[in-house]
Protein chains: 2
Amino acid sequence: MGKGEATRERILEIAEAAVLAKGFGATSIDEVIAEASLTKSGFFYHFRDKNALAREMLRRYVETNDRLFDDIFDRGRQLSDDPLQAFLISLKLLAEIMADLPSGHPGCLIASICYQERLFDREVREMTARSVQDWNARFLGVFEGIAAVYPPREPVDLHDLADAMSCIVDGAIIMSKTLNDPRRLERQILLFRSFVKLMFSPNQSPAA
Amino acid sequence: MGKGEATRERILEIAEAAVLAKGFGATSIDEVIAEASLTKSGFFYHFRDKNALAREMLRRYVETNDRLFDDIFDRGRQLSDDPLQAFLISLKLLAEIMADLPSGHPGCLIASICYQERLFDREVREMTARSVQDWNARFLGVFEGIAAVYPPREPVDLHDLADAMSCIVDGAIIMSKTLNDPRRLERQILLFRSFVKLMFSPNQSPAA
DNA sequence: AGGAAAACCGTACCGCGAGTACAGTTTCGG
DNA sequence: CCGAAACTGTACTCGCGGTACGGTTTTCCT
């Protein structure tokens with residue numbers, strides 16, 4: 001990694017934390033460059049404007065999350081051949097990772113951008129839409145695999161179930177941040193896990 | 001309603017739409033007053049600063065939502081004496097209302113504030129936390145009523161279930177806005193409805 | 001009707017942050 | 001050691017939040 005690239009990464013990291021805490025519109029370049037020990041000229045050498053910064057931040061964020069999901073679901077499949085069990089394991093892993101974040105989840109950049117849409121150009125908004133759709137498609141694949149083996153107890157649209165994954169995580173992040181209680185995120189993920197388990201588990205009376 | 005109060009309402013309405021679309025930090029007072037046909041002096045006559053505006057916006061938003069929930073859950077209870085059925089009816093009503101919003105849900109002000117927390121004073125942040133807790137408590141009461149009659153199929157913490165309500169709505173609003181597809185919100189509410197139904201329905205084999 | 005208070009308007013100003021322009025300087029890699 | 005990459009420094013424009021304050025209209029109450 002060249003020196004320039006390292007600086008870019010440093011800027012992006014600082015900017016992301018600031019944007020998640022205060023919003024994009026309220027994040028000043030002056031403050032970012034102060035923390036990065038850089039001059040304004042230095043900043044604009046790397047990013048032509050604030051929108052370029054947003055694009056790179058988003059690209060970085062999506063990439064990181066994609067890798068995380070890849071890891072988690074790969075591990076789930078490694079640990080069980082059964083698609084339902086594999087998914088339940090993955091969800092547990094996800095919950096653990098979220099619980100282990102030192103000061104809670106810093107926030108979802110897509111949600112942050114969503115609430116400031118008019119600030120960004122079309123390209124950024126298309127990137128957010130695309131990444132959400134990608135995640136939905138990923139989960140849809142998982143649920144289709146499960147449903148092929150275990151018919152759902154209630155009639156359920158697998159698309160909606162796939163969407164629910166992102167919805168719950170995003171919603172729970174907001175609640176965790178608002179109430180300043182990081183554990184809520186973990187608990188909501190585990191609750192969704194219960195739901196999936198209940199939905200696809202073979203129909204039988206509970207052991208007494 | 002006096003004339004001053006009407007102006008205040010007009011300002012709040014315009015500001016809310018702008019904040020939900022662009023974020024608080026990026027919403028300029030100049031633009032708000034232009035749309036409200038008001039001068040800067042007029043604005044500062046009503047609100048001492050931007051934080052006072054935020055406080056009033058939030059108060060208004062919470063009040064509106066509280067009334068909506070009151071209505072919906074009252075109607076549910078009117079239409080069925082059974083707590084589970086009443087809740088399922090209320091959720092259906094909620095889904096319908098969300099689906100009928102002409103251009104989709106405009107956004108959750110609490111989520112918007114959450115992603116710009118550092119912009120607001122302690123009072124505003126405490127108001128958001130308090131209102132979320134109130135909603136959670138409301139739903140907890142509902143689920144306790146249901147669980148008293150129908151023991152849940154899976155061991156579930158009713159607090160988590162109550163939290164899930166707000167999480168899903170908030171998350172689904174974000175997805176709806178990001179994908180520009182208002183129907184997702186409705187569908188997620190109905191999916192949660194299926195979950196509750198499945199969780200508390202008496203254990204029996206499905207009719208063949 | 002009249003008068004006081006409420007609800008504004010106009011103007012002038014300050015400071016901060018985004019962004020531009022551009023010339024000069026350091027640092028790194030081949 | 002040379003050229004490109006990675007910056008620094010300075011100086012400027014413009015829009016926005018916010019202040020100050022005097023003047024004007026509108027409303028409401030007696």
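Chain A is the first sequence line, chain B the second, and so forth, proteins listed ahead of strands; every chain is numbered from 1.
Side chains of B:W135 and B:N65: a donor-acceptor N/O pair is absent below 3.5 angstrom, by distance only.
In this structure, A:F24 has its ring center closer than 6.0 angstrom to the ring center of A:F120. The distance between the ring centers of A:F139 and A:F143 does not fall below 6.0 angstrom. In this structure, A:Y115 has its ring center at least 6.0 angstrom away from the ring center of B:Y115.
Salt-bridge formation is detected for the pair B:E56/B:R59: a Lys NZ or Arg NE/NH1/NH2 atom is positioned less than 4.0 Å from an Asp or Glu carboxylate oxygen. A salt bridge does not link B:D70 to B:R67: none of the charged nitrogens lies less than 4.0 Å from a carboxylate oxygen.
Partners of B:D74 according to the salt bridge (Lys or Arg N to Asp or Glu O under 4.0 Å) rule, which considers only residues two or more places apart in sequence or in another chain, are B:R77. Remark: A:R48 engages no residue in a side chain to side chain donor-acceptor pair (under 3.5 Å) (not counting sequence neighbours).
Distance check: A:R60 CZ to A:L12 CG gives 5.5 Å after rounding to the nearest 0.5 Å.
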B/S/- contact track for nucleotides 9-24 of chain D, protein heavy atom under 4.0 Å: BB-----SBBB-----
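Between the CG atom of B:L38 and the P atom of D:dT26 there is a distance of 14 Å, given to the nearest Å.
Each end of the helix from C:dA1-D:dT30 to C:dG30-D:dC1 yields a helix axis from five base pairs, and these two axes differ in direction by 30° (to the nearest 10 degrees).
Screening residues 79-101 of chain A for salt bridge (Lys or Arg N to Asp or Glu O under 4.0 Å), with sequence neighbours left out, gives no hits.
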Identify each atom pair where a protein N or O and an N or O of nucleotides 3-7 of chain C are less than 3.5 Å apart, giving names and distance.
from  : atom 1 : to    : atom 2 : distance (Å)
C:dA7 : OP2    : B:Y45 : OH     : 2.9

